[in-house]
There are 2 protein chains.
Amino acid sequence: MEEQAVIQALGALAQATRLRILRYLVTMGPAGAAAGDISKKVGASASRTSFHLSTLADAGLINATRASRSIIYRVDFDAMGAMIGYLVRDCCKSDPRVTTCC
Amino acid sequence: MEEQAVIQALGALAQATRLRILRYLVTMGPAGAAAGDISKKVGASASRTSFHLSTLADAGLINATRASRSIIYRVDFDAMGAMIGYLVRDCCKSDPRVTTCC
DNA sequence: ATCATATTTCAACAAAAGTTGAAATAGGAG
DNA sequence: CTCCTATTTCAACTTTTGTTGAAATATGAT
């Protein structure tokens, strides 16, 4: 994973609403959740939620598929793994104080 | 680690100059590096470097100790581990696609 | 005390990110 | 086609972040 992509992913997660969205999507697993459901769950307006979903999707941490009228969002666990792997290995040289956390 | 602290740490790393600073400090290990050295290494002005060092220190990812005229900064690997641990466990429920990265 | 070095602080500004509410787009139902 | 629901887009605005250069603080050397 390239540095610029890592920075974008970190920035995407560095925001309360977006971190809540991601955590919710993790609990929903492969089923994912529709934008409207997410909006209700995190207590944010539709447009605000849409904005944050785009930010997470642009960073590659979630992806979207349309299902009839709804758009379903799902966590991209591989992208999360790539970002975390960068932090652990490239950034922290796999220092034991870091790797023991996983 | 609390959510607010995680967000602050993620935000601290989500910036090119600061990510470069952290990576440099990782390579310096327990010896750390003086603000001036860091400034040269990352190619940023003294005041800009100082600003970013404060941001990283406020987030708890590095700490500072004075040594004569210089101020030595070092990575706090435990803080890095705590942040990453939050992402892996609390956030991603230790999903295998995430844990295999460490 | 004076001077030089190392670093931070400050104020002014520029740029990026987040919020709001209204309007636009897309898809399905009658 | 018209209506309803789901979601995004847009423009205006507010807030937060980052940059700059000058001034302030702190330490050590002469």
Side-chain angles (χ1 to χ4, degrees), chain A residues 3-25 28 31-75 83, chain B residues 3-25 28 31-75 83:
Chain A
E3 178 172 304
Q4 187 46 50
V6 173
I7 289 171
Q8 197 178 353
L10 289 167
L13 289 183
Q15 210 275 351
T17 304
R18 288 196 295 265
L19 193 55
R20 243 180 299 147
I21 289 174
L22 194 108
R23 278 162 64 83
Y24 175 54
L25 288 179
M28 299 305 284
D37 292 351
I38 298 168
S39 178
K40 275 171 204 138
K41 200 74 184 184
V42 305
S45 72
S47 81
R48 206 175 133 204
T49 303
S50 179
F51 168 75
H52 288 307
L53 285 169
S54 297
T55 304
L56 285 165
D58 287 350
L61 298 176
I62 64 176
N63 35 51
T65 57
R66 180 174 279 276
S68 171
R69 277 183 287 199
S70 298
I71 296 184
I72 307 297
Y73 287 91
R74 294 178 185 81
V75 174
M83 185 199 77
Chain B
E3 178 172 303
Q4 187 46 51
V6 173
I7 289 171
Q8 196 178 354
L10 289 167
L13 289 183
Q15 211 274 352
T17 304
R18 288 195 296 264
L19 193 54
R20 244 180 299 149
I21 290 174
L22 194 107
R23 278 163 64 84
Y24 176 54
L25 288 180
M28 299 305 284
D37 292 351
I38 298 169
S39 178
K40 275 170 205 140
K41 200 75 184 184
V42 305
S45 71
S47 80
R48 205 174 134 204
T49 303
S50 180
F51 167 75
H52 288 306
L53 286 169
S54 296
T55 304
L56 286 165
D58 287 350
L61 298 176
I62 65 175
N63 35 54
T65 57
R66 181 175 279 277
S68 171
R69 277 183 288 199
S70 298
I71 296 184
I72 307 296
Y73 287 91
R74 295 178 183 83
V75 174
M83 186 199 76

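Each chain gets a letter, A, B and so on, in the order its sequence line appears, and its residues count up from 1.
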Any side-chain heavy atom of B/I7 sitting closer than 4.5 Å to one from A/L13? no
With sugar-phosphate meaning primed atoms plus P, OP1 and OP2, does A/A34 contact a base, only sugar-phosphate, or nothing at under 4.0 Å between heavy atoms? sugar-phosphate
N/O (side chain, B/H52) to phosphate O (OP1/OP2, D/dT17) under 4.0 Å: no
Round to the nearest Å and state the distance from A/D37 atom CG to D/dT7 atom C1'. 12 Å
Expressed in angstrom and rounded to an integer, what is the separation of A/Q4 atom CD from C/dA16 atom P? 12 Å
According to a strict under-4.0 Å criterion, is B/S68 in side-chain N/O contact with OP1 or OP2 of D/dT27? no
Could you check how far CD1 of A/I7 sits from P of D/dT17, rounded to whole Å? 16 Å
Without decimals, in angstroms, what is the distance between B/R69 CZ and C/dT8 P? 15 Å
Could you give the NZ-to-C1' distance, from A/K40 to D/dT5, as a whole number of Å? 10 Å
Distance check needed: D/dT9 C1' versus A/I71 CD1, whole Å only. 12 Å
Would you indicate which nucleotide in D/dT8, D/dT19, C/dT7 comes nearest to any side-chain atom of A/A35? D/dT8
Which nucleotide in the set D/dT8, C/dT9, D/dG18 lies at the smallest distance from any side-chain heavy atom of B/S50? C/dT9
Could you work out which one of D/dT7, C/dG28, D/dT19 sits closest to the side chain of B/R48? D/dT19
Minimum-distance pair of heavy atoms, taken over all atoms of B/L25 and B/Y73: CD2-O, 3.4 Å
Whole angstroms only, please: what is the CG-P distance between A/D58 and C/dA17? 11 Å
Name the closest nucleotide to the A/R66 side chain, picking from D/dA26, C/dG27, D/dT19. C/dG27
In whole angstroms, the gap separating P of D/dA23 from CZ of B/F51 amounts to 22 Å
Between A/A67 and A/R18, whichever has its closest DNA chain C nucleotide further toward 5' is A/R18
Are side-chain heavy atoms of A/R74 and A/I72 found at a separation under 4.5 Å? yes
Look at all strands and tell whether A/S47 reaches a base, only sugar-phosphate, or nothing, counting heavy atoms closer than 4.0 Å. base
Over all heavy atoms of both residues, which pair between B/A9 and B/M83 is shortest? Give the atoms and the distance, please. CB-SD, 3.5 Å
Answer yes or no: is there a side-chain heavy-atom contact under 4.5 Å between B/R20 and B/T17? yes
When you check the phosphate oxygens OP1 and OP2 of D/dA6, does a side-chain N or O of A/Y73 lie under 4.0 Å from one of them? no
